[in-house]
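Working notes for the structure below.
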Amino acid sequence: MVFTVNINKSSRNTSSGNNGLLKEVNGVNGMPISVAPGFPDLEDQFNQMGITHIRLHDCFGVGDIDNGFNANHSNIDQLLVTVPFDQQDKAKEFLADYANKRTIFPYAAVGMRNNDLKQALRSPNYRITDDAIRRTMINNASVNPGNLQREVMFRIGRTLDGGYEVPENFDIYAFLVSRLVMRYSINYKGIGLPRKVTYWEIWNEPDLTFFWNNNNPQIYYEFYAKIANAIKAVDPTAKVGGPAVAYGYNPGGAYIDGLLNYCQTTNTPIDFFSWHYYNSSPQSIIDAGNYIQDTLNKHGFSNLESFCTEWNSTPTGTVNSFTKLQSAQNAAFLTSILTCMQYTKIDKAYYYRGDGAAFGLFNDQTNPKRPQNKNFCTYAAQGFNLFTRMFETPYILTQDNDFSTGLTTLVAENEVGNKINILASNFEMDSNFVEPAFPPNGYSLYSQYYLDSNRTTNQLDDDWSKAHWFGGVDPRTIMYNNEVPQKELVPQLPISENLPQKTIDYEQSRMGLTVNIANIPENYNDYKITAYRIKEDGRLDRMTPEQVTTSIDSALIDRVLTITDVGATSSTVTLYTVELIN
């Protein structure tokens, strides 16, 4: 028997979304421009996905203050998972040099070590980050007909594997940050940005010692306060926050309760609290968001914005998991999460990640029917596209789906009420999906992009390469001294408990969906339905998935519009657009 959802057309749900309006939780980590040689520019795809919020994180120099990559470091593998084995050593050497040369302050570490601000400020690489932010914010009109506007969140810190020791001089680090705030929040027009950078996130996952090799949380509190006050001194209207905590559910945790208590008792500025969510249960995000809000309330920060600045089903990257993350099954996962986020306190969210790098939404797979052509997108990217279409109808309607099955539904209408969009996501969790060692079940691995290290960094000296990856600077002229000896990792603080998993009834949601929309106004006597579906083996030569309108049944009887779709089974995402006709 198909799963049934009842919708009340005459009742807008003001307790969901942002006072009843859909929230823009469809941000991503990464950039629409190429992160390194071997990876594509994706401005057209990002625009079609409707990505309006970008977190600058793990961009290999862009937005990074003091990277100190070392090619011999055993964990330098963020972009190396997909590199052919015989090219791994060369790729390590390339990546370390590439990310270090693109870092904003290439002498920050040696300057901090010598307590020498002038040395820390030597030869800054502003132009590389300038160009990346400018290209991210200013879209090519030919691929952005809707004039989509982007907001960039600036993550203060380093890319993964760019060094995990605590900065040696907080005062110098704060001054370096203040230079960036002056550039990107105050004098932004002078470098060609259409709008300022407003949000500044202080560090990433300090509760993980391979990002912050210290387990005394007081040290992070002091660092946070120093940076937050430095930002506000330059731009009082800037929004500061953190700590981008890895364990977003950790009652009583030092980097959640502890930081909030510190900010409250010391009057340290904090405008948003950021946290991460890696979990294979979409419905559990509701409990995670509610927990964060309860914690904010407890510490007197009930009006603080809550940002989930990283989320995905798994934090473990392998060639197996990358394929699964680009599948129709993951499209159902991520649209289920985006739906559930409308029913908990999450103001913004950023998927990890949106580009063609590790965990990304894009790959190098060819179209089997046209081997000469690369696929334009993945099923997961199409999921973002269908979710974005919901903003055509931003007013959330009341429904009776309690999110206890594999089918999550989001229903919203436009302001005048003659158009309704219904997003139905059918995700069924299984151990194979979240286990990175297991290959996908039932389909082949997708070909992934990988780092092109055929040339050294200094050989990227042609005009196109200099413009594309170095902001027009000749890489041969860029020197750096940011390496810091990496000590043995200290023990991490214990986690109090895991997020309880929801009990989900998949039997109810495996057979399809029936939607009943009650209280259709009497002045509408006809309707038109259009349906699009993401499913494995669907077309990937365009962002819009296949139309399946003819495969659904519908009827308008006694002011109730009923839609029945037996094709809305597991690992599918379907968007139904209903236009009511007078």
Side-chain angles (χ1 to χ4, degrees), residues 29-31 35-36 54-80 92 95-113 120-121 124-126 128-129 132-133 152-170 172-177 179-181 184 200-214 219-220 223-224 226-227 230-231 242-246 255 274 276 309-310 315 350 352-353 357-358 478 480-487 489-490:
N29 287 259
M31 302 180 293
V35 72
I54 300 285
R55 179 184 184 232
L56 286 185
H57 177 56
D58 286 348
C59 294
F60 300 90
V62 171
D64 293 334
I65 291 178
D66 61 335
N67 282 330
F69 278 82
N70 185 325
N72 297 318
H73 195 288
S74 61
N75 290 330
I76 182 171
D77 61 3
Q78 172 95 356
L79 288 186
L80 301 179
K92 284 184 179 183
L95 184 58
D97 190 45
Y98 175 80
N100 289 338
K101 281 182 179 290
R102 282 161 45 100
T103 297
I104 299 173
F105 298 106
Y107 293 92
V110 67
M112 287 188 287
R113 186 160 53 249
L121 282 167
N125 290 328
Y126 294 126
I128 297 169
T129 295
I133 296 178
V152 168
M153 169 181 280
F154 203 112
R155 187 272 296 125
I156 294 166
R158 311 173 187 130
T159 288
L160 174 65
D161 300 324
Y164 48 67
E165 295 300 331
V166 175
E168 294 185 71
N169 186 311
F170 290 0
I172 288 179
Y173 210 93
F175 188 84
L176 299 179
V177 172
R179 283 291 185 94
L180 300 181
V181 179
Y184 300 118
W200 298 82
E201 185 180 41
I202 301 172
W203 215 256
N204 179 71
E205 300 185 339
D207 52 334
L208 298 182
T209 55
F210 58 78
F211 274 111
W212 180 268
N213 194 24
N214 187 288
I219 301 299
Y220 174 77
F223 177 78
Y224 174 88
K226 186 79 68 173
I227 303 302
I231 293 170
V245 65
Y255 292 94
S274 59
H276 295 170
T309 54
E310 286 185 31
Y350 302 79
Y352 193 91
R353 54 189 286 161
I478 302 175
Y480 52 86
N481 188 357
N482 265 335
E483 187 172 347
V484 174
Q486 303 296 287
K487 303 172 186 176
L489 293 178
V490 300

Q: Go through the steps for Ile128 and Ile478 under the test side-chain contact (heavy atoms from CB on, under 4.5 Å), then give the verdict.
A: CA-CA 11 Å; Ile128 297 169; Ile478 302 175; 4.3 Å; yes
Q: Report the distance from atom CD of Gln486 to atom CG of Asn213, rounding to the nearest 0.5 Å.
A: 7.5 Å
Q. How many angstroms lie between CG in Asn29 and OG1 in Thr309, if you round to the nearest 0.5 Å?
A. 7.0 Å
Q) How long is the span from the CG atom in Asp58 to the CG atom in Asp64, to the nearest 0.5 Å? A) 8.0 Å
Q: Using a 4.5 Å cut-off on heavy atoms from C-beta on, say whether the side chain of Arg113 contacts that of Asn481.
A: yes
**Q.** Side-chain heavy atoms of Phe105 within contact of Asn482, under 4.5 Å
**A.** no
Q.
Assess the residue pair Leu180 and Tyr126 against the criterion (side-chain contact (heavy atoms from CB on, under 4.5 Å)); give the C-alpha distance rounded to whole Å, side-chain angles, the decisive distance to 0.1 Å, and a yes or no.
A. CA-CA 9 Å; Leu180 300 181; Tyr126 294 126; 3.9 Å; yes
**Q.** Distance, nearest 0.5 Å, that separates OH of Tyr184 from CD1 of Ile133
**A.** 5.0 Å
Q) Closest heavy-atom contact between Cys59 and Arg102? A) O-NH2, 3.0 Å
Q) With distance as the sole criterion, is a donor-acceptor pair present between the side chains of Asp66 and Tyr173 under 3.5 Å? A) yes
Q) Is it true that a side-chain atom of Asn169 and a backbone atom of Ile172 form a donor plus acceptor pair closer than 3.5 Å? A) yes
Q.
Using only atom types and a distance under 3.5 Å, with no angle test, would you say the side chain of Lys226 pairs donor to acceptor with the backbone of Ala174?
A. no
Q.
Quick check: closest heavy atoms across Phe60 and Thr159, and the distance to 0.1 Å?
A. N-OG1, 3.1 Å
Q: Give the minimum heavy-atom separation between Thr129 and Phe154, together with the two atoms involved.
A: CG2-CE1, 4.3 Å
Q. Are Val166 and Glu168 side-chain neighbours, meaning at least one heavy-atom pair lies under 4.5 Å?
A. no
Q) Between Val35 and Arg353, does a side-chain contact (heavy atoms from CB on, under 4.5 Å) hold up when you go through it step by step? A) CA-CA 12 Å; Val35 72; Arg353 54 189 286 161; 4.2 Å; yes
Q) Should the pair Trp212 and Tyr220 be assigned to parallel (<30°), tilted (30 to 60°) or perpendicular (>60°) ring geometry? A) perpendicular
Q.
Do Asn204 and Arg55 pair up side chain to side chain, a donor and an acceptor below 3.5 Å, judged on atom types alone?
A. yes
**Q.** For Ile54 against Gly30, the heavy-atom pair lying closest together
**A.** CG2-O, 2.9 Å
Q.
To the nearest 0.5 Å, what is the distance between OH on Tyr350 and NE2 on His57?
A. 13.0 Å
Q.
Quick check: do Pro206 and Tyr255 have side-chain heavy atoms less than 4.5 Å from each other?
A. yes
**Q.** Closest heavy-atom pair and its distance - Ala357, Leu79
**A.** CB-CD2, 3.7 Å
(Q) Would you compute the distance between atom CZ of Arg179 and atom CD1 of Ile65 and round it to the nearest 0.5 angstrom? (A) 13.0 Å
Q | Flag side-chain contact, heavy atom, 4.5 Å: Ile231 against Ile156 | A | yes
Q | For Met112 against Ala120, the heavy-atom pair lying closest together | A | N-CB, 4.5 Å
Q. Is there side-chain contact between Tyr480 and Thr103, with heavy atoms separated by less than 4.5 Å?
A. no
Q) Can you tell which of Tyr164, Phe211, Phe223 makes a ring-ring contact (aromatic ring centres under 6.0 Å, His included) with Trp203? A) Phe223
Q. Any Lys/Arg nitrogen of Arg155 or Glu201 sitting under 4.0 Å from an Asp/Glu carboxylate oxygen of the other?
A. no
